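First comes the structure, then the notes that go with it.
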Amino acid sequence: MKRKNEYKGIYTTFTMLLNIAVITGMYAYVWYTFYRRIMGNNIFRGPGNLLVIAVYAALYIILQNVYGGFKIGHLKLSDVLFAGLLANLINTAFAYAQICLIAGAVVQPTPLIFLFFADIAVLVLWGMFADLLFYRLFPPREILLIVGNEHYYKLRSNFESRYEKFQIAEDISIADSDLETIKQKALQYGSVILYDIEAKNRNILLKFCFENSVRVYVTPKISDVIMRGGSVVDLFDTPLVLCRNFGLTFGQRLVKRAMDIALSLFGIIVASPIMLLIAVAIKIEDGGPVFFKQKRATLDNTSFKILKFRSMVVDADKDGFKGATSNDKRITKVGKLIRPFRLDELPQLFNILKGDMSVVGPRPERVEHMKAYTSEIPEFPFRLKVKGGLTGYAQVYGKYNTTPLDKLKLDLIYIQNYSLRLDIKLLLMTLKIAFQKESTEGFDEKETKKIFQNYIKAQEESKPKTEEKKNEKD
């Protein structure tokens with residue numbers, strides 16, 4: 001198994017280097033045969049030309065790493081190709097700006113446009129061949145799924161959606177089997193998933209797998225996520241991990257606020273024509289209000305009114321709150337156009353400029369949602385240690401219908417590992433997920449109904465007790 005993983009690493013490294021070499025070589029050809037020639041051969045001596053090419057290669061590598069364009073065998077082929085498309089689009093635009101600055105004038109973009117399409121053709125061929133060969137050399141991994149919770153259908157469906165990479169060969173419940181039997185099966189398969197198992201048994205299995213080099217996928221608990229963001233403190237010979245629980249430092253908040261102001265102002269200026277068109281379209285469709293305001297929870301459990309373009313019919317919640325679902329009849333014609341690309345959220349740039357929100361942070365939940373989710377997950381308010389954001393870790397790596405518990409874990413990963421670099425990465429990733437349909441899927445109706453039915457039931461059950469106490473006081 002160890003040797004097989006080494007071969008995978010060698011293969012992916014080789015394909016990555018081949019990708020970089022071909023794309024960089026094509027740019028070098030365009031630079032030397034066209035742009036360097038029209039600017040005069042003396043514009044740069046040898047090292048200067050190499051520097052221009054090196055900058056192009058470096059930015060390409062950074063963007064591909066951010067978007068996952070080199071992750072053959074790890075991401076779906078469609079995701080790898082889309083990552084390459086975005087990386088090349090951004091890099092080509094940057095290269096053109098760089099060439100114009102060097103020339104001191106606006107130069108002809110045609111060679112770079114041809115280069116862009118040639119790059120895409122090369123990436124498609126490279127991706128298809130590399131992906132096909134990867135799965136021929138390394139067939140799907142057989143995995144043992146060990147569960148402690150019977151409600152694991154979503155996790156299983158997630159793994160089954162990557163059938164070319166994973167094959168769940170067997171399910172086994174910790175409640176129905178003894179640990180020795182599970183250990184032997186883990187050795188047999190060589191890869192296991194530990195899902196929602198109590199700490200004692202999970203630790204035993206995790207240590208056993210570590211000792212025997214068995215690959216383990218673990219769904220983390222909230223305490224694991226908090227620990228993961230801790231820092232090692234070397235005070236003496238007893239290892240200590242410091243878990244900070246006060247959110248961002250003063251310096252981090254200052255830098256983040258400065259970035260929020262700059263980006264929101266820039267966004268408002270650039271997006272103003274689009275926002276004007278959307279506003280007119282909404283007004284023409286049904287004559288109702290253009291904007292939709294709603295109370296949302298943010299830093300320290302305070303609330304503010306979020307601003308969005310109205311994408312549903314007027315009074316969509318007149319019969320009580322119901323989360324938006326796939327093919328929801330309440331969504332307007334304009335809403336169907338703007339929601340998949342999240343254009344309905346553009347007015348939130350004004351919330352960011354005002355200071356209610358940040359560009360990057362946990363999704364600001366409805367106040368009613370916070371109450372309902374907290375009734376089932378007491379730790380849910382942990383995500384309110386920072387301001388809510390237009391985009392964020394859970395928005396990028398999760399989906400609109402990701403379960404509340406998983407959203408909380410993703411948001412805590414962001415809070416515990418916050419850095420300016422992470423914010424920039426999430427902003428770049430947002431460009432990618434904005435065009436992916438699965439990230440804007442509606443609520444899972446069963447999950448939503450279950451959460452809110454439990455919450456409403458609990459509220460109703462507490463009413464008689466409240467009334468009894470009131471009568472006693474009277």
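In this text the structure is predicted, and so the values were computed from the model without any measurement.
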Note to self: Around atom OH of Tyr135, are there more than 12 heavy atoms from other residues, nucleotides or ligands closer than 6.0 Å?
What the structure shows: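 Enclosed: over 12 neighbouring heavy atoms sit under 6.0 Å from OH of Tyr135.
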
Item checked: Residue Arg253 excluded, over 12 heavy atoms near CZ under 6.0 Å ->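 Yes - once you tally the heavy atoms of other residues, nucleotides and ligands closer than 6.0 Å, there are more than 12.
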
Margin query: I'd like to know whether Asp260 forms a salt bridge (Lys or Arg N to Asp or Glu O under 4.0 Å) with Lys387, so could you lay out the CA-CA distance, the side-chain angles of the two residues, the decisive distance to 0.1 Å, and finally the verdict.
Written below: CA-CA 11 Å; Asp260 288 342; Lys387 285 182 183 178; 5.6 Å; no

Tell me, please, which residues at least two apart from [X] pass side-chain contact (heavy atoms from CB on, under 4.5 Å).
X: Ile261; answer: Arg257, Leu265, Leu353
X: Ser311; answer: Ile338, Arg339, Asp344
X: Thr249; answer: Phe246, Gln252

Next item on the list: I would like to know whether Glu164 and Arg162 meet salt bridge (Lys or Arg N to Asp or Glu O under 4.0 Å); could you show each step before the answer?
Entry: CA-CA 5 Å; Glu164 78 283 0; Arg162 295 300 311 277; 2.7 Å; yes

For [X], enumerate each residue passing the side chain to side chain donor-acceptor pair (under 3.5 Å) test, keeping only those at least two apart in sequence or located in another chain.
X: Asp224; answer: Arg202
X: Asp406; answer: Thr403
X: Gln64; answer: Tyr60
X: Gln98; answer: none

Which residues satisfy the ring-ring contact (aromatic ring centres under 6.0 Å, His included) test with [X], sequence neighbours excluded?
X: Tyr397; value: Tyr393
X: Phe166; value: Phe159, Tyr217
X: Phe116; value: none

Next item on the list: Check whether any side-chain heavy atom of Gln348 sits under 4.5 Å from a side-chain heavy atom of Lys308, and report yes or no.
Entry: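 Counting from C-beta outward, Gln348 and Lys308 do come under 4.5 Å.
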
Item checked: Pairwise salt bridge (Lys or Arg N to Asp or Glu O under 4.0 Å) hits with a residue in residues 292-302, at least two apart ->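 Those involving residues 292-302 do not exist here.
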
Note to self: Tell me if a side-chain donor or acceptor on Tyr189 pairs with a main-chain N or O of Ile168 at a distance below 3.5 Å.
What the structure shows: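 Flag not set: sc Tyr189 to bb Ile168 has no pair under 3.5 Å.
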
Next item on the list: Answer yes if the ring centres of Phe309 and Phe292 are under 6.0 angstrom apart, and no otherwise.
Entry: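 They do not qualify: ring centres at least 6.0 Å apart.
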
Residues 117-133 side chain polar contacts: donor-acceptor under 3.5 Å, at least two apart:
from, atom 1, to, atom 2, distance (Å)
Asp119, OD2, Tyr56, OH, 3.4
Trp126, NE1, Thr15, O, 3.1

